[in-house]
Amino acid sequence: MKDKLQKIRENAIAEIEKSDGLDKLNEVRQAILGKKGELTAVLKGMKDVAPEDRPKVGQWVNETRSAIETILEAKIEKLEAEALKLKYEKEKIDVTMPAERGVKGNLHPVTQVTNQLTDIFASMGFEIYEGAEIETDYYNFTALNTPQDHPARDMQDTFYLSPEFLLRTQTSAGQIHVMEAKKPPIKVVSPGKVFRSDDDATHSPMFTQMEGLVVDKGITLCDLKGMLEQLVKKIFGKETSTRLRPSYFPFTEPSVEVDVSCFQCGGKGCSLCKGTGWIEVLGAGVVNNKVLEGCGIDTNEYSGFAFGVGVERIAMLKYGINNIKLLFESDMRVLKQIDDK
Ligand code: PHE
């Protein structure tokens, strides 16, 4: 019996040594220690052993079993360590390899120009106010001294949601909210989307405006002109200047259309300025006393100016874009070209 066990043990050790994978080891374990294994068979045969010999034989079997198990465990550990080492080797990273370059996006041109404008205004001490895109008829028109029969109130220009609510047609609606909430001195700009039923190469039903409002003691058209001079120099270059032309807005009196000297030809006349040397950039004016009074501001003490810039228009002029649709089609070939921060 002892010899038999010795044989089983030697055979097991040889088989374990030969095994080169965890699966193979498992097979060996089954063949020897498993239910139908060699050593298990010996245990099952104990009933044929003389009762007085059983303790001794039992002890031999147990010794054999634990010896085999110890060797088996050691081999498993060794194989696992080797597998881990191999895995580490395979996953090794060469930190000296050049990194893969990710695709870098840039901000949309309208966002870029909005940011440039807000930065300029913030540097001049303006606060930012963002109004709502859905407005009431009162804030968008009535409070801005736009009488019921004014062409700007025509259904064709305005997207009405109900007789009372509409999609704001101008960021000027924000002026009223600001003046209702705040006492002068007021110095705010209000960027945001506006909506008009208008659609051609230079107009889109949705576009972006930036409204400016200054209300303080002794504010005149000269303050507006002085501020605009600074503004256009920062946007279009140091050599540019402005000129004011008379215009009409219900909420400003006097009202002006602001032109910038052509930054492409320097004023000599070219295709961009259509030979005039000047390019129209925004509408502005001295805030109509009716508007100030409607917001409870004493016009004996205070006056103000306001202006409204079309952001897409500035972007088109700055980046030489000839169709406003290019700004809304999200064509990467177009957008990629404009990275002006
Ligand atoms: N709200 C006017 C427009 O949309 C622009 C403007 C703003 C004019 C402020 C004067 C003062 O055309």
Side-chain angles (χ1 to χ4, degrees), residues 1-116 118-119 130 193 206 315 319 325-341:
M1 179 57 90
K2 203 168 184 180
D3 286 350
K4 193 177 177 193
L5 286 170
Q6 183 63 26
K7 265 235 171 80
I8 291 178
R9 184 173 177 156
E10 278 165 15
N11 178 43
I13 293 171
E15 285 295 318
I16 292 169
E17 281 295 301
K18 271 202 304 201
S19 304
D20 55 1
L22 291 171
D23 288 348
K24 189 87 195 92
L25 270 183
N26 227 1
E27 274 171 33
V28 175
R29 185 202 289 270
Q30 286 304 321
I32 299 162
L33 308 175
K35 263 193 196 153
K36 290 180 184 152
E38 266 181 90
L39 200 61
T40 318
V42 174
L43 266 180
K44 277 182 189 160
M46 284 291 272
K47 59 182 184 312
D48 302 330
V49 176
E52 65 272 24
D53 292 338
R54 279 183 197 163
K56 215 184 319 144
V57 175
Q59 199 190 339
W60 290 343
V61 173
N62 282 340
E63 274 171 16
T64 310
R65 186 183 183 89
S66 72
I68 293 172
E69 270 174 352
T70 309
I71 293 167
L72 202 66
E73 291 308 322
K75 179 78 180 190
I76 289 173
E77 239 172 69
K78 193 174 156 223
L79 285 180
E80 278 178 350
E82 275 171 14
L84 200 65
K85 203 171 147 211
L86 215 71
K87 185 173 171 222
Y88 284 156
E89 223 124 88
K90 251 188 24 211
E91 290 178 359
K92 213 165 167 181
I93 294 167
D94 181 356
V95 291
T96 63
M97 291 273 282
E100 258 181 51
R101 269 178 181 266
V103 183
K104 188 177 139 276
N106 53 291
L107 294 174
H108 189 276
V110 172
T111 308
Q112 292 182 44
V113 172
T114 306
N115 290 350
Q116 289 162 17
T118 39
D119 282 354
E130 277 187 88
K193 293 191 183 92
M206 184 214 69
Y319 307 126
K325 300 296 176 304
L326 291 173
L327 289 172
F328 298 115
E329 280 168 353
S330 299
D331 185 334
M332 289 302 284
R333 290 170 303 180
V334 175
L335 300 181
K336 264 187 185 163
Q337 293 178 49
I338 301 160
D339 194 3
D340 195 18
K341 286 288 163 315

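Along the sequence shown, the residues carry numbers beginning at 1.
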#### Entry: Closest contact, heavy atoms only, Gly34 versus Thr40
O-OG1, 2.5 Å
### Query
In Å, rounded to the nearest 0.5 Å, how long is the span from CH2 of Trp60 to CD1 of Ile8?
13.0 Å
### Task
Check for a donor-acceptor pair, side chain of Arg54 on one end and backbone N or O of Val49 on the other, with a separation under 3.5 Å.
yes
### Task
Answer yes or no: is there a donor N or O on one side and an acceptor on the other, between the side chain of Lys75 and the main chain of Leu25, under 3.5 Å?
no
#### Entry: Shortest non-hydrogen separation from Pro51 to Pro55 and the atoms involved
O-CD, 3.6 Å
### Query
Would you say the side chain of Tyr319 lies within less than 4.5 Å of the side chain of Gln337, judging by non-hydrogen atoms?
no
### Query
Between atom OG of Ser19 and atom CG of Asn26, what is the distance when rounded to the nearest 0.5 Å?
10.0 Å
### Minimal non-hydrogen separation, Val42 against Val61, with atom names
CG1-CG2, 3.9 Å
### Task
Report yes if some heavy atom in the side chain of Glu27 is under 4.5 Å from a heavy atom in the side chain of Ile32; otherwise report no.
no
### Query
Just how far is it from atom CG of Leu326 to atom CG of Leu335, taken to the nearest 0.5 Å?
9.0 Å
### Message
With a 6.0 Å cut-off (strictly less than), is the heavy-atom count around NZ of Lys325, excluding the residue itself, greater than 12?
### Response
yes
### Query
With sequence neighbours left out, what residues match Gln6 under side chain to side chain donor-acceptor pair (under 3.5 Å)?
Glu10
### Query
Do Ile338 and His108 come within less than 4.5 Å of each other through their side chains, counting heavy atoms only?
no
#### Entry: Ile16 vs Ile68 side-chain heavy atoms within contact, under 4.5 Å
yes
### Query
Does any pair with a residue in residues 83-97 pass side-chain hydrogen bond (donor to acceptor under 3.5 Å, both in side chains), and if so which ones, sequence neighbours excluded?
Asp94-Thr96
### Query
Are Lys104 and Asp339 ion-paired here, with the side-chain N under 4.0 Å from a carboxylate O?
yes
#### Entry: Straight-line distance of Leu39 CG to Asn11 CG, nearest 0.5 Å
11.5 Å
### Query
Atom CD of Glu69 and atom CD1 of Ile76: how far apart are they, to the nearest 0.5 Å?
9.5 Å
### Distance-minimising heavy-atom pair for Lys44 and Lys35
NZ-O, 3.3 Å
### Task
Could you tell me whether the side chain of Thr70 and the main chain of Ser66 form a donor-acceptor pair under 3.5 Å?
yes
#### Entry: Side chain to side chain, Glu80 and Leu84, heavy atoms closer than 4.5 Å
no
#### Entry: Any donor-acceptor N/O pair, Thr64 side chain to Leu5 backbone, under 3.5 Å
no
### Message
Contact between Thr114 and Val110 at the side-chain level, heavy atoms closer than 4.5 Å - yes or no?
### Response
yes
### Query
Are Val57 and Met46 side-chain neighbours, meaning at least one heavy-atom pair lies under 4.5 Å?
yes
#### Entry: Nearest-0.5 Å distance, CD of residue Glu15 to CD of residue Glu38
9.0 Å
### Query
side-chain contact (heavy atoms from CB on, under 4.5 Å) between Val334 and Glu329: does it pass, once the steps are laid out?
CA-CA 9 Å; Val334 175; Glu329 280 168 353; over 6 Å; no
### Heavy-atom side-chain proximity of Asp340 to Asn106 below 4.5 angstrom
no
### Query
So, the side chain of Arg9 versus the backbone of Lys4: is there a donor-acceptor pair under 3.5 Å, distance only?
no
### Task
Look only at the side chain of Lys78 and the backbone of Glu73, and say whether a donor-acceptor pair between them is shorter than 3.5 Å.
no
